[in-house]
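By convention in this document, chain letters (A, B, ...) are assigned in the order of the sequence lines, proteins followed by strands, and residues within each chain are numbered from 1.
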Number of protein chains: 2
Amino acid sequence: MEKTGSIKKVLGKRIRALRLEMGLSQEAFADKCGIDRTYMSGIERGVRNPTLVVICAIAAGLEMDLSHLFMFDGCAGKDGESTTCDS
Amino acid sequence: MEKTGSIKKVLGKRIRALRLEMGLSQEAFADKCGIDRTYMSGIERGVRNPTLVVICAIAAGLEMDLSHLFMFDGCAGKDGESTTCDS
DNA sequence: TTGTGACTCTTAGTCCGTC
DNA sequence: AGACGGACTAAGAGTCACA
């Protein structure tokens, strides 16, 4: 395990960007997700490796679908080419 | 934490369905993803709570994008309504 | 307002089996 | 082929004080 060293960072950046779009502080957002502030900090910085249920809670806090949360860049131009994981 | 009791089951079913589409056995697929046979069994049955990197490894094993892995049903009919987590 | 190290407790994840 | 259990090690969950 622990190839895929970057997915955590990529997701963290994505979460942070989305949080900022909502105009929430880390603390306010963490609270909304039911997660500790410092834990959220670690996730955004990509140093934590959250589990499915935590990711799901974050998606809920973002009021967003899980599939949308993982649309990092090439959201949906054609069909099958966007974020094939592991950078 | 541990609301969202069903996301694990939903994802597990999705993974199993996709694996079967590929015509792989649980063991062969687990091997392809680089994770343990029994662990994969638990994930498919929804009793395990895999981490981001494991989910990513599975997506890679499915030769599929993470965002696509989480498109459970209403893939993209309208816009914002498909799998808003936590059933 | 956020980053970070350290900490406890739980669980992710592996490996051995049996049914 | 896959469900399920036990035992184990590594790592995540969740929290704190402090910068």
Quiz item: Under 4.0 Å: is that the gap between some side-chain N or O of A/Ser41 and OP1 or OP2 of C/dT2?
Solution: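 For A/Ser41, the contact criterion (side-chain N or O under 4.0 Å from OP1 or OP2 of C/dT2) is not met.
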Could you give the [atom1]-to-[atom2] distance, from [X] to [N], as a whole number of Å?
| X | N | atom1 | atom2 | result |
| --- | --- | --- | --- | --- |
| A/Arg48 | C/dT11 | CZ | P | 16 Å |
| A/Asn49 | D/dA11 | CG | P | 10 Å |
| B/Ile35 | C/dC15 | CD1 | P | 12 Å |
| B/Leu52 | D/dA11 | CG | P | 16 Å |

Self-check item: Sub-4.5 Å side-chain heavy-atom contact between B/Leu18 and B/Ile15
Solution: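 They are not in contact (no side-chain heavy atoms under 4.5 Å apart), so the answer is no.
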Show each protein N/O and nucleotides 16-19 of chain D N/O combination with a separation under 3.5 Å, one pair to a line.
{"unit_1": "D/dC16", "atom_1": "N4", "unit_2": "A/Thr38", "atom_2": "OG1", "d": "3.0"}

Quiz item: Sub-3.5 Å donor-acceptor pair from the side chain of A/Arg37 to the main-chain atoms of A/Ala30, do we have one?
Solution: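 Between the backbone of A/Ala30 and the side chain of A/Arg37 there is no qualifying donor-acceptor contact (under 3.5 Å).
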Quiz item: Within the side chain of B/Arg45, is there an N or O that forms a donor-acceptor pair under 3.5 Å with the backbone of B/Gly12?
Solution: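 Checked: no pair found.
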Quiz prompt | side chain to side chain contact (heavy atoms under 4.5 Å, CB included) partner of A/Thr51, the single match among A/Ile55, A/Asn49, A/Val54 | solution =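 Of A/Ile55, A/Asn49, A/Val54, side chain to side chain contact (heavy atoms under 4.5 Å, CB included) with A/Thr51 is met by A/Val54 alone.
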Quiz item: Between B/Leu20 and B/Phe72, is there a shared hydrophobic cluster once you connect ILVMFWY residues whose side-chain heavy atoms come closer than 4.5 Å?
Solution: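 Different clusters.
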Quiz item: When hydrophobic residues are tied together by side-chain contacts of less than 4.5 Å, even through go-betweens, does A/Val47 share a cluster with A/Ile58?
Solution: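 No, no single cluster joins them.
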Practice problem: Using a cut-off of strictly less than 4.0 Å between a heavy atom of the residue and any atom of DNA chain C, enumerate the qualifying residues of residues 14-29 of chain A by number. | Solution: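 Under 4.0 Å from DNA chain C: A/Arg16, A/Arg19, A/Ser25, A/Gln26, A/Glu27.
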